Amino acid sequence: MASDYTGRRALVTGITGQDGSFLAEQLLEKGYEVFGLVRRLSTPNTQNIHHLLGRVQLVDGDLLDQASLENAIRQVEPDEIYNLAAQSFVGASFSQPVVTGEVTGLGALRLLDAMRHRADKARFYQASSSEMFGKVRKSPQDESTEFYPRSPYGVAKVYAYWACVNYRESYGLFISNGILFNHESERRGMEFVTRKIAHGVASIKLGLTDHISLGTLDPRRDWGYAPEYTDLMWRALQIPSPEDFVGATGETHSVRDFVEAAFRHVGIPEWTQRVRLDPKFARPADVDHLCGNPQKARERLGWVARTRFDQLVGIMVDADLRRLSRTG
Ligand code: NDP
Ligand code: GDP
């Protein structure tokens with residue numbers, strides 16, 4: 001059945017990432033024509049969108065290259081632009097701070113400017129992050145909480161956030177920030193702590209390894225399930241005027257809680273001997289505690305995070321058990 005959105009055109013940057021792949025599925029389902037910006041890599045990295053190839057159209061471009069963004073927007077003529085591309089790993093932002101600033105911060109500005117000149121009627125979603133709250137000024141965090149980033153990644157996201165607000169106010173463009181708290185899935189990159197734990201616990205269960213190395217067990221995050229968060233992105237662009245929204249579960253858990261839940265899920269209640277602390281994985285400055293208040297998104301967008309913490313852990317561990325059982 002044709003939906004109201006048939007024929008609408010969406011440009012998704014970061015389509016090969018976790019969120020881009022879920023968002024692309026959801027937009028296709030609604031009838032959108034979906035275009036994904038992909039950068040040139042020596043080895044193509046399309047495993048997250050393998051099942052969508054042929055249904056999404058890939059456009060060459062890089063957030064570091066202004067001309068490529070202008071060309072992409074001219075070619076696609078998008079109704080909606082979702083800027084999900086970033087150097088998104090906080091850990092790597094300490095070792096590659098400049099490239100993180102270029103891609104995650106200035107990259108958003110480049111895309112905003114391309115939209116301003118080539119598609120000023122389009123609607124723009126910016127993937128802002130709870131990492132902007134960093135050393136939190138109040139808890140839980142909402143749309144009015146002051147930012148205090150704790151990493152080059154957080155700093156770059158704050159820059160991109162304010163560039164969006166500035167372009168919205170200066171040029172009357174439809175630009176919305178989703179300030180999303182951590183969201184995970186079976187497609188999460190391997191270096192993030194949830195995926196590292198899920199994969200590690202599945203490997204231990206299958207006898208492929210005997211321990212996991214982590215940096216610290218104490219930090220707390222508000223962890224939700226990624227496909228629900230990409231639905232928030234779409235909803236944020238369907239309201240009459242642009243606004244910023246926090247997306248979160250409103251619950252917080254520690255890395256230790258995640259480890260415990262993952263081992264419990266596979267029937268290994270005694271896990272302390274199987275987790276080693278390695279300072280190599282700790283950060284020069286960390287974010288100790290994040291917990292979001294999603295009230296505005298609930299009231300204005302009808303959006304709620306439904307997947308509970310234990311379910312999320314189960315989804316991720318089971319997916320890695322299946323994957324490892326197939327491949328060894
Ligand atoms: P991923 O790391 O999975 O995906 C990042 C995407 O950005 C990949 O498609 C990557 O392409 C692309 N990319 C990186 N550099 C460039 C570049 N120079 N030009 C074009 N594309 C580039 O991130 P997620 O899907 O998890 O997150 C999506 C967005 O949401 C990111 O901006 C992230 O910072 C933000 N965010 C994520 C949260 C989360 O918990 N997941 C929370 C809050 C915000 P390639 O495959 O070529 O590397
Ligand atoms: P982030 O919230 O975007 O930084 O997501 P991560 O999954 O990378 O990290 C979440 C928290 O887990 C941070 O406080 C990390 O310091 C902490 N953590 C502890 N050990 C590890 C580890 O081995 N790898 C990662 N990625 N994070 C770890």
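Just the heavy atoms: all of them, side chains too, but no hydrogens, waters or symmetry mates, feed the values below. Sequential numbering from 1 along the given sequence is applied to the chain's residues. For ligands, and for the atoms within them, numbers begin at 1 and follow the listed sequence. In this text, all values refer to a predicted model and were calculated from it rather than measured experimentally.
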One residue to check: Phe89. Relative to ligand 2, which of side chain, backbone, both or neither has a non-hydrogen atom less than 4.0 Å away? side chain
How far is atom 4 (O) of ligand 1 from the closest protein heavy atom, and which atom is that? Gly17 CA, 3.4 Å
Within 4.0 Å of some non-hydrogen atom of Val90, the atoms of ligand 2 are 3 (O), 4 (O)
Under 3.5 Å between any N/O of Leu84 and any N/O of ligand 1: does that happen in this structure? yes
Does CD belonging to Gln273 count more than 12 external heavy atoms closer than 6.0 Å? no
Mark up the atoms of ligand 2 that fall under 4.0 Å of a heavy atom belonging to Glu191, in ascending order. 24 (N), 25 (C), 26 (N)
Could you check atom 23 (O) of ligand 1 against the protein and tell me its nearest heavy-atom contact, residue, atom and distance included? Ser88 OG, 3.5 Å
Kindly compute the distance separating CG (Asp320) from CD (Glu186), expressed to the nearest 0.5 Å. 9.0 Å
I'd like to know whether ligand 1 has Arg187 as a neighbour, heavy-atom separation below 4.0 Å. no
So the atoms of ligand 2 within less than 4.0 Å of a heavy atom of Asp286 turn out to be 13 (C), 14 (O), 15 (C), 16 (O)
Ignoring hydrogens, just give me the one of Met190, Glu131, His289, Arg220 whose non-hydrogen atom is nearest atom 1 (P) of ligand 2. Glu131
Please work out whether the ring planes of Tyr82 and Tyr125 are parallel, tilted or perpendicular, with thresholds of 30° and 60°. tilted
Which residue and non-hydrogen atom of the protein lie closest to atom 18 (N) of ligand 2, and at what distance in Å? Val193 CG2, 3.8 Å
May I ask you to decide if the ring planes of Phe147 and Phe133 are parallel, tilted or perpendicular, using 30° and 60° as cut-offs? tilted
salt_bridge(Asp142, Lys138) N-O dist < 4.0 Å: yes
What protein heavy atom lies closest to atom 19 (C) of ligand 2? Include the residue and the distance to one decimal. Thr216 O, 3.0 Å
So, taking the atom named CZ in Arg220 and the one named CG in Asp288, what distance separates them when rounded to the nearest 0.5 Å? 11.0 Å
Min heavy-atom dist Asn45 to ligand 1 below 4.0 Å: yes
If you have a sec, work out which protein heavy atom is nearest atom 23 (O) of ligand 2 and how many Å separate them, to one decimal? Lys196 NZ, 2.7 Å
Does the N or O separation between Leu63 and ligand 1 drop below 3.5 Å for any pair? yes
Looking at ligand 1, is there an atom of it that comes within less than 4.0 Å of some heavy atom belonging to Tyr153? yes
Which residue and non-hydrogen atom of the protein lie closest to atom 20 (N) of ligand 2, and at what distance in Å? Gly215 N, 2.8 Å
Walk me through whether Asp210 and Arg274 qualify under salt bridge (Lys or Arg N to Asp or Glu O under 4.0 Å). CA-CA 6 Å; Asp210 63 358; Arg274 301 178 191 258; over 6 Å; no
Basic-acidic side-chain contact under 4.0 Å: Glu102, Arg110: yes
Shortest protein contact, atom 18 (N) of ligand 1 (heavy atom only): Asp62 OD1, 2.8 Å
Provide, to 0.1 Å, the distance between atom 21 (N) of ligand 1 and the closest protein heavy atom, together with that atom's residue and name. Ala85 CB, 3.4 Å
For a side-chain contact (heavy atoms from CB on, under 4.5 Å) check, start with the C-alpha distance between Ser21 and Arg187, then their side-chain angles and the critical distance, and finish with the verdict. CA-CA 9 Å; Ser21 62; Arg187 296 183 199 168; 2.9 Å; yes
Flag the pair Glu131 and Arg221 as a salt bridge only when some basic side-chain nitrogen lies within less than 4.0 angstrom of an acidic carboxylate oxygen. yes
Closest to atom 3 (O) of ligand 1 among protein heavy atoms sits Gln18 N, 3.0 Å
What protein heavy atom sits nearest atom 4 (O) of ligand 2, and how far away is it? Arg283 NH1, 2.6 Å
Below 4.0 angstrom, N of the basic side chain to O of the carboxylate: do Glu80 and Arg8 qualify? yes
Given Arg323 and His199, is the side-chain contact (heavy atoms from CB on, under 4.5 Å) satisfied, shown in steps? CA-CA 9 Å; Arg323 218 175 331 231; His199 187 265; over 6 Å; no
Near Pro219 (heavy-atom distance under 4.0 Å), the atoms of ligand 2 are 14 (O)
Criterion ring-ring contact (aromatic ring centres under 6.0 Å, His included) against Phe192, the qualifying member of Trp223, Phe281, Phe258, Phe89: Phe89
Between Arg283 and Ser151, is the side-chain contact (heavy atoms from CB on, under 4.5 Å) condition met? List the steps. CA-CA 9 Å; Arg283 292 166 185 180; Ser151 63; over 6 Å; no
In the protein, which heavy atom is nearest to atom 13 (C) of ligand 2, and how far is it? Arg221 NH2, 3.3 Å
Out of Ala160, Gly14, Ser130, whose heavy atom sits nearest atom 6 (C) of ligand 1? Gly14
Heavy atom of Arg188, distance to ligand 1 below 4.0 Å: yes
Check this for me, if you would: do Asp244 and Arg168 make a salt bridge, where the nitrogen-to-carboxylate-oxygen distance has to be below 4.0 angstrom? yes
Option set Asp19, Leu41, Asn48, criterion heavy-atom distance to atom 24 (P) of ligand 1, minimum: Asp19
Heavy atom under 4.0 Å from ligand 1: found in Lys157's side chain, backbone, both, or neither? side chain
Is any side-chain N of the basic residue among Arg150 and Asp286 closer than 4.0 Å to the acidic one's carboxylate O? no
Between His183 and ligand 1, which part of the residue brings a heavy atom under 4.0 Å of the ligand: side chain, backbone, both or neither? both
For the residue pair Asp222 and Gly250, what are the closest heavy atoms and their distance? OD2-N, 3.0 Å
Take every heavy atom of Ser128, measure it against each atom of ligand 1, and state whether any distance is under 4.0 Å. yes
Run down the list Ala226, Ser185, Ala127 and name the one with the heavy atom closest to atom 35 (C) of ligand 1. Ala127
Are any of the N/O atoms in Thr16 less than 3.5 Å from those in ligand 1? yes
Sub-4.0 Å atoms of ligand 2 with respect to non-hydrogen atoms of Phe281: 22 (C), 23 (O)
Distance check, rounded to the nearest 0.5 Å: Tyr161 atom OH versus Asn177 atom CG? 5.5 Å
Under 6.0 Å from the six-membered ring centre of Phe245 and within 45° of its axis: does the NZ or CZ of Arg300 meet both? no
Atom indices of ligand 2, in the order listed, that fall short of 4.0 Å to a heavy atom of Asn182: 1 (P), 2 (O), 3 (O), 5 (O)
N or O pair under 3.5 Å between Gln87 and ligand 1: no
Evaluate side-chain contact (heavy atoms from CB on, under 4.5 Å) for Leu37 paired with Ile15, printing each intermediate quantity in order. CA-CA 7 Å; Leu37 189 87; Ile15 195 164; over 6 Å; no
Do any N/O atoms on Ala86 end up under 3.5 angstrom from N/O atoms on ligand 1? yes
Should you measure from each heavy atom of Val255, which atoms of ligand 2 turn up under 4.0 Å away? 12 (O)
Would you mind checking which non-hydrogen protein atom is closest to atom 48 (O) of ligand 1, with the distance to 0.1 Å? Arg39 NH2, 2.8 Å
